[in-house]
Enquirer: 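Following this message is one structure expressed as structure tokens.
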Amino acid sequence: MSLSNSEIADLFNQMADLLQIKGENPFKVRAYRNAARTVQNLGKSLEDLHKKGMDLTKLPGIGADLSDAIEEILQTGKFSKLEKLKKELPQGLDKLLAIEGLGPKRIRQLYDAFGITSLEALAQKAESGEIYTLKGFGPKLVEKILKGVQLAKKAGHRFRFDVAKPFAEELKSYLSGFEGVMKVEVAGSYRRKKETVGDLDILVVAKNWESVTEWFVKYEKIKEVVSKGPTRSTVILRNDLQVDLRSVAGESYGSALHYFTGSKAHNIKIRKMAVERGWKINEYGVFDGKKRLGGESEEQLYSLMGMEYIEPELREDRGEVEAAVEHRLPDLVRLGDIKGDLHTHSKWSDGHATIEQMALAAKERGYSYLAVTDHSRHLTVAKGLDEKRIRKQWEEIDALNERLEGITVLKGIECDILEDGSMDLPDSVLKKLDVVLGAVHYKFNLSKKEQTRRVVKAMQNRYFNIFAHPTGRIIGHRNAYELDMSEIFAACKGEGVILEINAQPERLDLDDIYAKAAKEEGIRLAVSTDAHDTMSLDFMQYGLNQARRGWLQKSDLVNTLPLSALKKVLKK
DNA sequence: GCCGTTTTCGGCCCGACTGTTTTCAGTCG
């Protein structure tokens with residue numbers, strides 16, 4: 001039985017949901033959630049670790065019981081404790097947990113009184129008014145529940161980072177332009193640069209909070225003002241993105257920013273450390289009893305805790321706290337470190353700009369090289385290049401390189417990996433290229449074994465340089481195809497293959513977790529935009545967000561190298 | 001259910017808000 005880390009994490013989360021509804025010890029619930037997070041963030045297949053005989057209790061939040069549970073799940077594909085609980089409790093209750101305003105207690109109440117186990121039944125009892133007979137259910141709560149049911153029926157309410165970004169930027173400048181506003185920052189997962197964000201949390205330091213609130217709720221893209229209070233206001237934008245505005249005193253700005261930036265797991269870890277010293281950290285500051293030790297800035301907060309400043313992208317409790325204490329945090333890669341883009345398209349295939357336009361746009365961005373990597377022949381819908389056309393393209397590139405100054409165009413290809421693992425163009429062509437990307441563009445539904453064998457075989461081609469958009473997922477639309485990532489990593493190491501972080505905001509794969517794992521294996525990566533026009537070269541920043549979340553430094557990426565060094569890496 | 005140079009048992013981050021109640025439970029971030 002083969003289960004991925006995500007599937008195992010999912011079982012633990014289901015367990016936590018049901019335990020919660022059952023009214024079990026909340027710390028037990030938390031233990032399952034913590035374990036789920038550990039598994040999800042592992043970056044290495046739990047199955048592999050187990051096969052190699054690793055003691056799973058060494059993993060944070062996994063003790064004897066959960067280690068046994070993992071073993072059972074890996075061997076049988078089943079988690080008996082969960083199965084048992086599922087029999088005890090009716091199906092469907094966990095769906096109700098997703099509704100805002102409904103927690104375990106109220107769900108239990110609804111079930112005991114009316115036997116409610118579904119969104120439909122819930123809506124019906126709410127609309128008929130019967131629900132008011134329950135203690136604690138008043139008109140406001142019922143209205144909230146009905147709204148929640150509507151929302152729960154719509155799928156997926158997280159927003160891609162690039163979708164949220166213009167709203168975040170616009171709101172920030174809208175607010176900072178208002179009189180009396182001293183500081184504005186968008187915190188939350190947006191500040192941590194997660195690939196998707198649930199809502200926007202905006203912090204404001206202002207002399208005149210009340211008039212700032214009034215100004216905020218007048219922002220033109222607001223659909224609904226949910227609440228307006230003395231320290232917090234919540235609105236929903238027309239695209240259903242929720243925005244919270246919170247007022248903070250200047251002296252608490254750092255601790256508030258830290259608190260609202262999260263992640264929750266990171267915060268808990270820091271607060272625990274404070275408790276161990278007999279201190280307390282909350283959103284107002286750092287305290288020793290009643291004595292205030294600080295809180296004006298995040299730098300000060302971390303310094304009080306005896307550690308280095310931790311960049312928001314790292315705050316996921318994936319080892320950054322320990323690293324900060326031991327002064328071994330990575331010096332994260334920055335846009336200024338990037339010397340070129342290794343995955344771009346031109347009009348020769350499905351791009352919208354000429355090679356020259358792309359090259360000049362790359363030069364404008366301060367790059368010294370740009371690889372043109374149009375599609376290969378198999379991808380006919382994208383006018384993929386065959387041998388004849390690619391040779392013609394080389395003539396154009398040679399001529400351009402004669403003419404252009406300050407930028408070098410590299411000859412590349414985004415070559416299809418065919419179903420049998422062979423490359424879409426012959427070696428006689430591949431060997432003349434500066435950069436060969438390999439990519440999977442069809443037959444996404446092969447079994448894990450077949451898909452892995454296909455890619456590994458392609459990587460064994462001696463001209464294969466970079467594995468492009470390695471997992472093929474499209475955020476919110478398409479899952480990753482099945483690949484055994486530890487085998488892929490092993491092949492990369494063996495064959496000197498570079499892994500791409502594709503900077504298209506709906507791709508962003510490798511993701512942060514695998515990027516970190518690849519780095520730890522000593523595999524090199526490239527952040528590339530896959531740009532199909534000149535403007536999309538600016539997607540680089542999205543890719544770098546993901547790279548930074550994956551702990552990558554300048555030295556982990558190949559497209560931070562000067563051209564001569566890069567060429568050496570690419571010639572295997 | 002996890003975890004431990006204060007503990008193998010007794011803790012487990014911390015506070016605000018909402019709606020309901022009449023002093024606070026439940027939920028949320």
Side-chain angles (χ1 to χ4, degrees), chain A residues 12-13 15-16 18-38 56-70 79 81-82 85 96-110 131-132 134-145 147-148 187-190 192 197-203 226-234 242-248 252 255-256 258-287 295 305 317 321:
Chain A
F12 286 166
N13 274 324
M15 189 73 186
L18 294 182
L19 287 172
Q20 223 179 332
I21 293 167
K22 202 183 161 203
E24 263 279 6
N25 176 1
F27 297 106
K28 189 173 181 174
V29 175
R30 186 190 292 176
Y32 273 102
R33 299 232 187 265
N34 284 341
R37 219 175 46 79
T38 291
L56 299 178
T57 63
K58 291 273 189 293
L59 298 170
I62 310 276
D65 285 16
L66 288 180
S67 167
D68 288 349
I70 292 170
F79 182 18
K81 279 187 184 164
L82 178 63
L85 207 51
L96 302 179
L97 266 181
I99 292 174
E100 210 179 324
L102 284 191
K105 299 275 168 59
R106 286 174 183 153
I107 289 174
R108 185 83 215 187
Q109 228 180 328
L110 288 164
I131 200 170
Y132 291 112
L134 295 182
K135 190 165 177 249
F137 284 75
K140 290 272 180 67
L141 180 60
V142 171
E143 192 191 338
K144 193 171 174 180
I145 288 172
K147 258 187 205 169
S189 50
Y190 182 81
R192 302 201 310 280
V197 301
D199 59 10
L200 295 177
D201 283 302
I202 307 182
L203 251 61
V226 178
S227 70
K228 219 166 75 175
T231 66
R232 172 182 169 178
S233 297
T234 299
Q242 179 174 319
V243 184
D244 290 350
L245 185 72
R246 295 163 196 272
S247 91
V248 174
S252 300
S255 33
H258 181 257
Y259 171 57
F260 289 114
T261 297
S263 67
K264 189 174 176 174
H266 173 89
N267 286 352
I268 288 176
K269 190 143 205 168
I270 300 281
R271 286 175 179 207
K272 260 188 182 165
M273 286 175 69
V275 169
E276 280 160 22
R277 296 181 177 206
W279 296 354
K280 183 174 73 172
I281 296 181
N282 57 27
E283 55 263 54
Y284 301 107
V286 183
F287 299 92
M305 295 305 297
D317 188 21
V321 174

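What you see below is based on every heavy atom in this structure, not just the backbone, and it leaves out hydrogens, waters and symmetry mates. Every chain is numbered from 1 and lettered A, B, ... according to where its sequence line falls, protein lines coming before strand lines.
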Enquirer: Just compare B:dC13, B:dT20, B:dC14 and give me whichever is closest to any side-chain atom of A:L141.
Expert: B:dT20
Enquirer: In whole Å, what is the span from the CG atom of A:N267 to the P atom of B:dC28?
Expert: 19 Å
Enquirer: Any idea which heavy atoms bring A:V321 and A:M273 closest together, and the distance?
Expert: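 Closest heavy-atom pair between A:V321 and A:M273: CG1-SD, 3.5 Å.
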Enquirer: Hey, do the aromatic rings of A:F12 and A:F79 have their centres closer than 6.0 Å?
Expert: yes
Enquirer: How far does the P atom of B:dT8 sit from the matching atom of B:dC14, given to the nearest Å?
Expert: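 Looking at atom P only, B:dT8 and B:dC14 are 22 Å apart.
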Enquirer: If you only use heavy atoms from C-beta on, which nucleotide in B:dC17, B:dG19, B:dG1 is closest to the side chain of A:L66?
Expert: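 Nucleotide nearest to A:L66's side chain: B:dG1.
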Enquirer: At their closest point, which heavy atom of A:S255 faces which heavy atom of A:E283, and how far apart are they?
Expert: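 A:S255 and A:E283 have their closest heavy atoms at OG-O, 3.6 Å.
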Enquirer: Expressed in whole Å, how much space separates the P atoms belonging to B:dC28 and B:dT20?
Expert: 15 Å
Enquirer: Which label fits B:dT7, syn or anti, where anti is any glycosidic angle not within 90° of 0?
Expert: syn
Enquirer: Nearest whole Å is fine: how far is B:dT18 P from A:L102 CG?
Expert: 17 Å
Enquirer: When the distance from CD of A:E24 to P of B:dC2 is rounded to whole Å, what number comes out?
Expert: 13 Å
Enquirer: So what does A:I268 touch, heavy atoms closer than 4.0 Å: a base, only the sugar-phosphate, or nothing?
Expert: base
Enquirer: Of all the heavy-atom pairs spanning A:I145 and A:I99, show the shortest one and how long it is.
Expert: O-CG2, 4.1 Å
Enquirer: Taking only the C1' atom of each, what is the distance from B:dG1 to B:dT6 in whole angstrom?
Expert: 23 Å
Enquirer: Whole-Å distance between B:dC13 C1' and A:Y284 OH?
Expert: 15 Å
Enquirer: State which of B:dG19, B:dC14, B:dG29 makes the closest approach to the side chain of A:D201.
Expert: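 The answer is B:dG29, which lies nearest to the side chain.
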Enquirer: Does OP1 or OP2 of B:dC17 have a side-chain N or O of A:S227 closer than 4.0 Å?
Expert: no
Enquirer: Base, sugar-phosphate, or nothing: which does A:V275 touch, judged by heavy atoms less than 4.0 Å apart?
Expert: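 Sugar-phosphate, backbone atoms only, no base.
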Enquirer: Select base, sugar-phosphate, or nothing to describe what A:I281 touches, counting heavy atoms under 4.0 Å on all strands.
Expert: sugar-phosphate
Enquirer: Side chain of A:K264: nearest nucleotide among B:dG19, B:dG29, B:dC12?
Expert: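 It is B:dG29.
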Enquirer: Once you apply a heavy-atom cut-off of 4.0 Å, does A:N25 come out as touching a base, just sugar-phosphate, or nothing?
Expert: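 Base contact.
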Enquirer: Nearest to the A:F27 side chain among B:dA16, B:dC12, B:dT20, which nucleotide is it?
Expert: B:dC12
Enquirer: Given the C1' atoms of B:dC17 and B:dT23, what is the spacing between them in whole Å?
Expert: 16 Å
Enquirer: Rounded to the nearest angstrom, tell me the gap between atom CD1 in A:I21 and atom C1' in B:dG26.
Expert: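 So the two atoms are 15 Å apart, to the nearest Å.
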Enquirer: Select from A:R246 and A:K272 the residue whose nearest nucleotide in DNA chain B is closer to the 5' end of that strand.
Expert: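 It is A:K272, whose closest nucleotide lies nearer the 5' terminus.
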Enquirer: Hey, is the side chain of A:T231 poking within less than 4.0 Å of OP1 or OP2 on B:dC17, counting only N and O atoms?
Expert: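 Yes, such a contact exists.
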Enquirer: When the P atoms of B:dC13 and B:dC2 are considered, how many whole Å apart are they?
Expert: 16 Å
Enquirer: Rounded to whole angstrom units, what separation is found between the CG atom of A:N282 and the C1' atom of B:dC17?
Expert: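 My rounded result for the distance is 16 Å.
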Enquirer: Please work out if A:K28 contacts a base, only the sugar-phosphate, or nothing of the nucleic acid, heavy-atom cut-off 4.0 Å.
Expert: base
Enquirer: Identify whether any heavy atom of A:P26 sits under 4.0 Å from a base atom; if not, whether one sits that close to sugar-phosphate; answer base, sugar-phosphate or nothing.
Expert: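 If one applies the 4.0 Å heavy-atom cut-off, A:P26 turns out to touch nothing in the nucleic acid.
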Enquirer: Hey, mind stepping through A:D317 and A:R37 against salt bridge (charged side-chain N to carboxylate O under 4.0 Å, His left out) and telling me if it holds?
Expert: CA-CA 10 Å; A:D317 188 21; A:R37 219 175 46 79; 3.0 Å; yes
Enquirer: Please measure how far the C1' atom in B:dT7 lies from the corresponding atom in B:dA16, and state the result in whole Å.
Expert: 32 Å
Enquirer: Checking contacts here: which listed nucleotide (B:dG1, B:dG29, B:dA16) is nearest the side-chain heavy atoms of A:A31?
Expert: B:dG1
Enquirer: Can you measure from CG (A:D65) to CD1 (A:I70) and round to the nearest 0.5 angstrom?
Expert: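 If we round to the nearest 0.5 Å, A:D65:CG and A:I70:CD1 are 11.0 Å apart.
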Enquirer: What's the closest nucleotide to the A:K81 side chain, out of B:dG26, B:dG1, B:dG19?
Expert: B:dG1
Enquirer: Kindly point out which of B:dT20, B:dG1, B:dC12 is positioned nearest to the side chain of A:Y32?
Expert: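 Selected nucleotide (nearest to the side chain): B:dG1.
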Enquirer: For A:I62 versus A:A35, what's the shortest heavy-atom pair and its separation?
Expert: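 Distance-wise, the nearest heavy atoms are CD1-CB, 3.9 Å.
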Enquirer: Classify A:K269 by what it touches in the nucleic acid, base, sugar-phosphate, or nothing, heavy-atom distance under 4.0 Å.
Expert: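 Since no nucleic acid heavy atom lies under 4.0 Å of A:K269, the category is nothing.
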Enquirer: May I have the distance from A:R106 (atom CZ) to B:dC28 (atom P), rounded to whole angstrom?
Expert: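 Computing the A:R106:CZ to B:dC28:P distance gives 8 Å.
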Enquirer: Could you please name the partner base of B:dT8, counting Watson-Crick and G-U wobble pairs only when both distances are under 3.5 Å?
Expert: none
Enquirer: Compute whether any side-chain donor of one residue and acceptor of the other, for A:R108 and A:Q20, lie under 3.5 angstrom apart.
Expert: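 No - no donor-acceptor pair under 3.5 Å links their side chains.
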Enquirer: Identify whether any heavy atom of A:Y259 sits under 4.0 Å from a base atom; if not, whether one sits that close to sugar-phosphate; answer base, sugar-phosphate or nothing.
Expert: base
Enquirer: Heavy atoms under 4.0 Å, any strand shown: does A:A64 hit a base, just sugar-phosphate, or nothing?
Expert: sugar-phosphate
Enquirer: Send over the distance from A:K140 NZ to B:dT27 P, rounded to a whole Å.
Expert: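 These atoms are roughly 18 Å apart.
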Enquirer: Which residue lies toward the 5' end of DNA chain B, A:E276 or A:D199, if each is placed at its nearest nucleotide?
Expert: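 Counting from the 5' end, the first nearest nucleotide belongs to A:E276.
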